[in-house]
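We name chains A, B, ... by the order of the sequence lines, and we start the count at 1 in each one.
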2 protein chains.
Amino acid sequence: MRRDSRLSRMLHVLIHMDRIEGAATSDQIAQMLGTNPVVVRRTMAGLRDDGYVHSEKGHGGGWVLTRPLSEITMLDIHRALGNPGFFAVGVAIDHPECLVEQAVNSALGSAFEAAENLLIGKFAAVTLADLADDFDQRMAQITAEPNCELT
Amino acid sequence: MRRDSRLSRMLHVLIHMDRIEGAATSDQIAQMLGTNPVVVRRTMAGLRDDGYVHSEKGHGGGWVLTRPLSEITMLDIHRALGNPGFFAVGVAIDHPECLVEQAVNSALGSAFEAAENLLIGKFAAVTLADLADDFDQRMAQITAEPNCELT
DNA sequence: ACATCTCGCAACAACAAAAGTTTCGAAATC
DNA sequence: GATTTCGAAACTTTTGTTGTTGCGAGATGT
C-alpha cells in the first residue's frame, strides 16, 4: 500500500518558505518536490483555506506563509490536508450484525483509536518552529565537524 | 486511501473456523467474505506458511486450524499476512541530504514509531481466544435481554 | 480405473485511487 | 497589452489491489 507523503512534503516546503525572501511560485515548489505546479496548488489549497499560507497572482506572486512557524503544528497541517486517515489497515464491516465481527472490530478498533490518539497528541505537540530549531541544530552539528566541507 | 481489511477478515474467519466441524473450503470462506476462492487461498497462504492453519486437498478437504485460538495473537496473524505497514501516511525521502527533510522526517518518524510500538503491543496482547470470549459475552448479553427474539 | 473435489500457482483482466497533464480563465504586475 | 501566476475542471497515466481464468496436482469416493 503506497504511503501518502504529502504531510512530510508540505512540512518540508513550509520550513523552506520561511527561510526565503518573498513568495515561492508553484513552479519553484514543484521543482523542489520533483512534481508539477498543478499538484502543488491542489495540495496547498487546503493550507490556504485553513489560513496557513496565502497565494498571490501575477508577477512576483506565489505562496507566502501568513503566520510564524511557532503558531503552526504538524497536526494543523495534517488537518489542512483533509485530515486523511493515518492507517493503511482497518476493520471490515461485511456483516455488522455478526457478533464475531463485532468482537474482532472492537478489539482492532480500540487499538487503532489508542494509536491515533497518541499520534494526534504527538503531532499537536510539535510546531514547525520546533522542526526549524532541529534543522538549526543539525546545521550547527555539521559545520562544527573538523573535516566538514563547508568550513 | 483504501484500507487493508485482510486482518479483520482473517480474524473473523479463524474464529468461525474454530466453531465449525471439519474443514472449511476456500469456496465457503469466499462466500462468507463476499469474495472468491482464489483470493481466499492467496490470503490464507501466509497463515498456512506460518503454521496457523493447514490445507487439505480432495473430498472433505479445505482449511483447518492447527492450534488452539489461545495460542494465536492478533499480531501473529498480522505478521502472517506479510507484516504490512500500519500507516497510510509516511515520510518522503526526496532529498536525503537535506537537513530540513531530516528534521521533519525525524519528528514524523518517531511519532509513527511510537504509534507502531503501541499497536504491536496491543495486538500481541490479544489472542483469538480472547476475541472468542468477547463473542460469547456478547451472545450471553443478547440472549439475556427480556425482549430478545431468540428467547 | 475413473470421476469428482479441492488446493496451488501463474497469468491475465478489471478496478480504484492517486498523481500527472492539458487547457482555459481570472487577476496582478510590468 | 503582454506576461506572470494562481484557480479550477477535465482528462490521461500510473500504480497497487482485487478479481478471474486456466491448468496441474493431490486426495477421496465410486
Side-chain angles (χ1 to χ4, degrees), chain A residues 1-10 13 17 20 22-66 81-90 92 94, chain B residues 1-10 13 17 20 22-66 81-90 92 94:
Chain A
M1 180 101 27
R2 189 131 126 267
R3 284 190 175 145
D4 179 355
S5 56
R6 289 176 304 154
L7 176 60
S8 170
R9 287 179 150 167
M10 284 302 105
V13 166
M17 281 171 60
I20 64 177
T25 67
S26 302
D27 243 314
Q28 293 170 330
I29 297 171
Q31 287 198 322
M32 258 183 67
L33 299 177
T35 178
N36 71 79
V38 178
V39 174
V40 171
R41 289 189 198 110
R42 213 143 58 189
T43 308
M44 307 256 306
L47 311 201
R48 181 192 58 220
D49 294 346
D50 281 10
Y52 302 113
V53 295
H54 174 75
S55 58
E56 197 72 56
K57 295 176 178 174
H59 269 286
W63 301 87
V64 290
L65 285 163
T66 54
L81 289 172
N83 203 19
F86 286 118
F87 301 108
V89 173
D94 300 322
Chain B
M1 181 105 23
R2 192 134 122 265
R3 284 190 174 145
D4 179 356
S5 57
R6 288 177 303 155
L7 175 59
S8 170
R9 286 179 150 167
M10 284 302 106
V13 165
M17 280 171 62
I20 63 178
T25 67
S26 302
D27 243 314
Q28 293 170 330
I29 296 170
Q31 286 198 322
M32 258 183 66
L33 298 178
T35 179
N36 71 78
V38 178
V39 174
V40 170
R41 288 188 200 112
R42 209 139 66 187
T43 308
M44 307 254 311
L47 312 201
R48 180 193 58 220
D49 294 345
D50 282 9
Y52 302 113
V53 295
H54 174 74
S55 58
E56 197 72 57
K57 294 175 178 176
H59 270 284
W63 301 87
V64 290
L65 285 164
T66 54
L81 290 171
N83 203 19
F86 286 119
F87 301 109
V89 173
D94 300 321

In this structure, how many angstroms lie between the [atom2] atom of [N] and the [atom1] atom of [X], rounded?
X: B/D27; N: D/dG19; atom1: CG; atom2: P; answer: 14 Å
X: B/I29; N: C/dG8; atom1: CD1; atom2: C1'; answer: 15 Å
X: A/D94; N: D/dT18; atom1: CG; atom2: P; answer: 12 Å
X: A/R6; N: C/dA19; atom1: CZ; atom2: P; answer: 6 Å
X: B/D4; N: D/dT17; atom1: CG; atom2: P; answer: 8 Å
X: A/R2; N: C/dG20; atom1: CZ; atom2: P; answer: 8 Å

Checklist entry - Between C/dC7, C/dA11, D/dA10, which nucleotide gets closest to the side-chain atoms of B/R42? => result C/dA11
Checklist outcome for this item: With the side chain defined as heavy atoms from C-beta on, B/T35 is closest, among D/dG19, C/dT21, C/dC7, to D/dG19
Item to check | Protein-to-nucleotide contact annotation, 5' to 3' order, nucleotides 22-30 of chain C [B base; S sugar-phosphate only; - none; under 4.0 Å, heavy atom] | outcome: B----BBBS
Next on the checklist: Considering every strand and a 4.0 Å limit on heavy-atom distances, what is the contact class for A/R3: base, sugar-phosphate, or nothing?
Outcome noted: nothing
Checklist entry - Are A/R9 and C/dA19 close enough that a side-chain N or O sits under 4.0 Å from OP1 or OP2? => result no
Checklist entry - So does B/S26 get a side-chain nitrogen or oxygen closer than 4.0 Å to the phosphate oxygens (OP1/OP2) of C/dC7? => result yes
Which atom pairs, one a donor and one an acceptor, fall under 3.5 Å between side chains of residues 22-42 of chain A and the rest of the protein, sequence neighbours left out?
| from | atom 1 | to | atom 2 | distance (Å) |
| --- | --- | --- | --- | --- |
| A/T25 | OG1 | A/D27 | N | 3.4 |
| A/T25 | OG1 | A/Q28 | N | 3.0 |
| A/S26 | OG | A/R41 | NE | 3.4 |
| A/S26 | OG | A/W63 | NE1 | 2.9 |
| A/Q28 | OE1 | A/T25 | N | 2.9 |
| A/N36 | OD1 | A/V38 | N | 3.1 |
| A/N36 | OD1 | A/V39 | N | 3.4 |

Checklist entry - Can you tell me how far OG1 of B/T66 sits from OH of B/Y52, rounded to the nearest 0.5 angstrom? => result 9.0 Å
Checklist entry - CG of B/D94 to CZ of A/R9: how many Å apart, nearest 0.5 Å? => result 4.0 Å
Identify the two heavy atoms, one from [X] and one from [Y], that lie closest to each other, and give their separation to 0.1 Å.
X: B/L47; Y: B/M10; value: CD1-SD, 4.1 Å
X: B/G90; Y: A/R3; value: CA-CD, 3.9 Å
X: B/G85; Y: A/V89; value: O-CG2, 3.8 Å

Next on the checklist: Donor-acceptor pair, distance only, cut-off 3.5 Å: does the side chain of A/S5 make one with the backbone of B/A92?
Outcome noted: no
Item to check | DNA chain D: 5'-proximal contact among A/A45 and B/V39 (nearest heavy atom) | outcome: A/A45
